[in-house]
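Notes follow the structure.
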There are 2 protein chains.
Amino acid sequence: MAVTLRDVAVRAGVSRSAVSRTFTEGASVSAKTRAKVEKAAAELRYSPNAIASSLTTGRTKLIGLVSNNFHNPLFLEVFDLFTRGLQERGLRPLLVNLSNETDPANSVRMLRQYSVDGVIVASSTLPPSFAEAFRDAGVPVVHSFGRYTTSPHVHVVGIDNIACGRMAAEALIARGHRSIAFLGGPEKATSTQDRAGGFLDALSRHPDIKVGISYASAYSFDAGRAEMQRLLQNTPAEAYFCGDDVLSIGALSAIRDAGLRVPDDIGIIGLNDMEMARWENINLTTIRQPVAQIIGASIDLAVETIQNPDRHPETRLFPCRVIERGTLRPVSPMQP
Amino acid sequence: MAVTLRDVAVRAGVSRSAVSRTFTEGASVSAKTRAKVEKAAAELRYSPNAIASSLTTGRTKLIGLVSNNFHNPLFLEVFDLFTRGLQERGLRPLLVNLSNETDPANSVRMLRQYSVDGVIVASSTLPPSFAEAFRDAGVPVVHSFGRYTTSPHVHVVGIDNIACGRMAAEALIARGHRSIAFLGGPEKATSTQDRAGGFLDALSRHPDIKVGISYASAYSFDAGRAEMQRLLQNTPAEAYFCGDDVLSIGALSAIRDAGLRVPDDIGIIGLNDMEMARWENINLTTIRQPVAQIIGASIDLAVETIQNPDRHPETRLFPCRVIERGTLRPVSPMQP
DNA sequence: GATCTTTTTGCAACCGGTTGCAAAAAGATT
DNA sequence: AATCTTTTTGCAACCGGTTGCAAAAAGATC
């Protein structure tokens with residue numbers, strides 16, 4: 001059916017090795033043979049079989065891209081950047097959707113069966129043990145959007161969630177709010193824990209400020225809305241740090257439906273700065289996560305780890321910053 | 001490095017064939033040998049190399065998933081459903097991001113090099129020739145969200161865009177509007193052309209109704225907003241059919257910013273019914289595209305085509321329906 | 001033109017599996 | 001126990017490439 005190396009060799013009147021060599025970078029072929037082979041290959045529309053060659057070279061150029069975030073619009077941007085970035089480096093993303101799985105065993109087995117050169121786990125909610133399962137199986141792995149730990153067992157690229165929590169608290173305090181709160185995603189997500197931790201930490205230096213903490217049942221619009229509706233039944237805080245933009249948008253819709261104004265009655269600051277956050281009808285003040293940089297660094301690190309599998313586990317964190325839009329009032333000039 | 005068939009064979013004290021057979025469905029192995037092999041395999045943590053086996057079986061179980069829609073939130077749902085659906089059938093999606101390419105040659109070559117069993121082109125904007133390039137290269141292909149033609153050269157699964165255009169027109173007419181318009185995406189997208197065509201067709205039976213047509217520069221929030229702002233500078237129509245939900249949301253934001261009320265001053269009906277459309281702060285009346293069914297049928301058709309490559313090109317269209325929400329006033333009782 | 005280097009080439013073995021075929025083993029029948 | 005069937009097994013060739021090695025060809029030097 002398909003045309004193989006052998007067919008080209010026969011037509012060009014050379015050995016199979018000669019054909020193989022014309023298609024491998026840096027191999028020794030004379031200009032004359034190369035010309036003959038290229039002519040024959042073009043006539044037969046030959047293109048080498050990457051799978052077969054991977055068998056001897058040990059490189060498939062396949063990268064497992066594993067994620068469980070198929071409901072957060074930010075991840076459409078993430079997939080876009082990952083697939084483009086990998087393609088530019090001649091790598092192919094083999095996408096694995098983890099939506100219902102918590103056990104890494106299946107994905108590990110599957111990706112080993114396909115001899116992927118490396119794996120990128122793109123998720124802010126999976127525990128570190130997930131990525132570690134790949135490392136334990138001998139597969140180079142990078143946890144993108146993962147949790148920072150002081151002694152990482154696996155490469156992590158992302159943001160400092162604790163610092164973000166702190167940054168959010170300070171942003172709210174700087175605006176003169178005296179009663180603020182954190183509205184997080186599910187408490188078990190590592191990123192949520194860290195954001196809450198940083199938030200509270202910053203407030204420990206402000207004993208006069210009232211602080212609240214609560215958790216939505218998921219990182220979703222509905223959960224954010226429901227949790228805010230619940231909060232509005234008692235005395236709500238003056239401003240909220242929501243653990244994610246989608247959550248923020250849900251909270252905003254609850255606030256507005258209750259007849260309250262944003263940012264005058266209640267302020268909101270989100271986290272991520274997904275594309276939608278700057279839409280004029282949303283106009284969300286939020287902390288930007290430098291997604292493109294995180295993804296670029298993740299791919300770099302994956303490539304480096306493939307070249308040198310014994311590389312020491314490394315953490316690359318990128319700074320976030322507040323993006324001023326319309327859901328938080330301006331910094332109060334009276335504050336210190 | 002990795003443990004192979006041979007290692008297991010040696011440890012189990014059997015031939016390599018025996019090991020291979022215990023791992024192939026329906027091969028002839030005695031219970032005794034199977035037990036020995038399975039024990040050895042478990043001890044060595046062996047799992048067969050899918051890539052190597054594909055060489056002889058001719059099946060990689062890889063499916064190329066090709067798309068250029070990495071900015072429409074609907075496609076996050078699409079990727080979620082595709083990856084899950086393929087995984088459930090033991091297939092693996094090799095994702096190809098076409099964002100900047102219009103020429104299929106690269107993707108065709110690349111996916112052939114990886115010997116994908118089939119390709120799914122998931123895009124409502126790519127021309128039919130794109131999918132045809134795969135067929136011409138001998139790769140089973142399904143164009144998902146593609147354009148319906150009476151004599152298809154390639155399998156197409158999607159919706160009847162002409163019927164949708166008609167449905168939208170009728171919905172607007174049924175609400176008593178006398179001046180309506182289509183606000184499409186880029187005119188060159190095949191789906192846009194068809195939706196416009198259907199819209200106008202339905203109106204040909206209503207010469208008394210005033211009709212307008214215009215096109216945004218992209219299927220994006222910004223483009224929808226900009227185009228609606230332009231329209232508001234002259235006398236806008238009473239209600240608009242936007243060619244897509246994202247476009248609709250952009251248009252809505254322009255309308256509200258202009259101080260007009262929806263649906264009282266201007267009505268909007270979208271198309272797709274992406275997850276966000278039902279968010280309470282958007283609450284978009286729209287035509288639902290049955291995404292899950294389209295994707296299920298696409299995968300089915302791809303699998304069937306892999307089994308029988310000479311299958312006649314087929315078109316599977318799914319009916320859409322209007323989802324009533326808050327951006328269109330109720331059906332006017334006075335209408336016939 | 002003879003001799004020494006360097007480059008190019010083909011052979012053959014290998015990557016990690018599968019599979020047709022014939023021999024061996026097991027089971028059935030008398 | 002002898003014979004016939006059926007099942008199980010291993011051998012060897014193959015899938016489509018790559019690569020170390022030695023021989024052949026080309027080029028350099030005198």
Side-chain angles (χ1 to χ4, degrees), chain A residues 1-38 40-41 44-62 109-117 138-139, chain B residues 1-38 40-41 44-62 109-117 138-139:
Chain A
M1 196 72 242
V3 14
T4 78
L5 195 69
R6 155 172 251 112
D7 304 327
V8 179
V10 169
R11 172 167 259 245
V14 298
S15 72
R16 290 160 59 220
S17 330
V19 180
S20 172
R21 288 188 180 110
T22 56
F23 287 99
T24 17
E25 199 76 8
S28 157
V29 223
S30 67
K32 211 182 300 175
T33 336
R34 152 160 275 135
K36 279 194 290 185
V37 170
E38 279 175 348
L44 296 173
R45 296 246 202 80
Y46 170 76
S47 84
N49 183 326
I51 294 235
S53 80
S54 83
L55 218 48
T56 37
T57 60
R59 286 265 182 280
T60 52
K61 302 201 167 193
L62 291 173
R109 184 160 28 76
M110 196 230 101
L111 289 172
R112 277 189 19 152
Q113 289 183 335
Y114 279 87
S115 314
V116 294
D117 289 349
V139 183
Chain B
M1 194 74 235
V3 15
T4 79
L5 196 68
R6 154 172 253 114
D7 303 327
V8 179
V10 169
R11 172 167 261 245
V14 297
S15 72
R16 291 161 56 219
S17 331
V19 180
S20 174
R21 286 187 180 111
T22 58
F23 286 100
T24 20
E25 201 76 9
S28 158
V29 223
S30 68
K32 210 183 300 173
T33 336
R34 151 158 276 135
K36 278 194 290 186
V37 170
E38 280 174 347
L44 296 173
R45 295 247 204 79
Y46 170 75
S47 83
N49 182 326
I51 293 236
S53 81
S54 82
L55 218 49
T56 35
T57 60
R59 287 262 183 283
T60 53
K61 303 202 169 192
L62 291 173
R109 184 159 29 76
M110 195 231 101
L111 289 173
R112 276 189 19 154
Q113 288 183 335
Y114 279 87
S115 311
V116 294
D117 289 349
V139 183

S30(A) vs R16(A), nearer the 5' end of DNA chain C by closest nucleotide: S30(A)
Under-4.0 Å side-chain N/O to phosphate OP1/OP2 contact, T56(B) with dG17(C): no
Side-chain heavy atoms of L111(A) within contact of V139(A), under 4.5 Å: no
Proximal nucleotide (of dT19(C), dG17(D), dT9(C)) relative to the T57(B) side chain: dT19(C)
Whole angstrom value for the distance that separates C1' of dG10(C) from NZ of K36(A): 13 Å
Beyond-backbone contact of R21(A) with S17(A), side-chain heavy atoms, under 4.5 angstrom: yes
Length of the line joining E25(B):CD and dT18(C):C1', which is rounded to integer Å: 15 Å
Closest-nucleotide 5' rank along DNA chain C - winner of K32(B) and S53(B): S53(B)
Beyond-backbone contact of L5(A) with F23(A), side-chain heavy atoms, under 4.5 angstrom: no
Options dC11(D), dG17(D), dG16(C), nucleotide nearest the side-chain atoms of L55(A): dG16(C)
Residue-phosphate contact under 4.0 Å: T4(A) side-chain N/O, dG16(D) OP1/OP2: no
Distance (rounded to the nearest 0.5 Å) between S54(A) OG and Y114(B) OH: 8.0 Å
Between dG16(C) (C1') and F23(B) (CZ): distance, integer Å: 13 Å
First of G13(B) and P48(A) reached from the 5' end of DNA chain D, by closest nucleotide: G13(B)
Nearest-nucleotide pick for R21(B), side chain only, options being dG20(C), dC11(C), dT8(C): dG20(C)
Any T4(B) side-chain heavy atom under 4.5 Å of N49(B) side chain: no
Base paired to dG10(C) (Watson-Crick or G-U; both N/O distances under 3.5 angstrom): dC21(D)
Nucleotide of dT18(D), dG17(D), dG10(C) approaching N49(A) most closely (side-chain heavy atoms): dG17(D)
Length of the CD1-P vector between I51(A) and dG17(C), whole Å: 14 Å
Sugar-phosphate only, base, or nothing, as touched by V19(B) at under 4.0 Å among non-hydrogen atoms: nothing
Among dG17(D), dA12(C), dG10(D), the one nearest S17(A) by side-chain distance: dA12(C)
Touch class at under 4.0 angstrom, heavy-atom based, for Y46(B) against every strand present: sugar-phosphate
Close side-chain approach of V3(B) to V8(B), heavy-atom, < 4.5 Å: yes
Opposite nucleotide pairing with dA26(C), Watson-Crick or G-U, both atom distances under 3.5 Å: dT5(D)
Whole angstrom value for the distance that separates P of dA12(C) from CZ of R6(A): 13 Å
Length of the line joining K61(B):NZ and dG17(C):P, which is rounded to integer Å: 16 Å
Whole angstrom value for the distance that separates C1' of dG17(C) from CZ of R112(A): 16 Å
Of the listed nucleotides dT19(D), dG10(D), dT9(C), the one nearest the side chain of S20(A): dT19(D)
Whole-Å gap separating C1' (dC15(D)) and CG (L5(B)): 15 Å
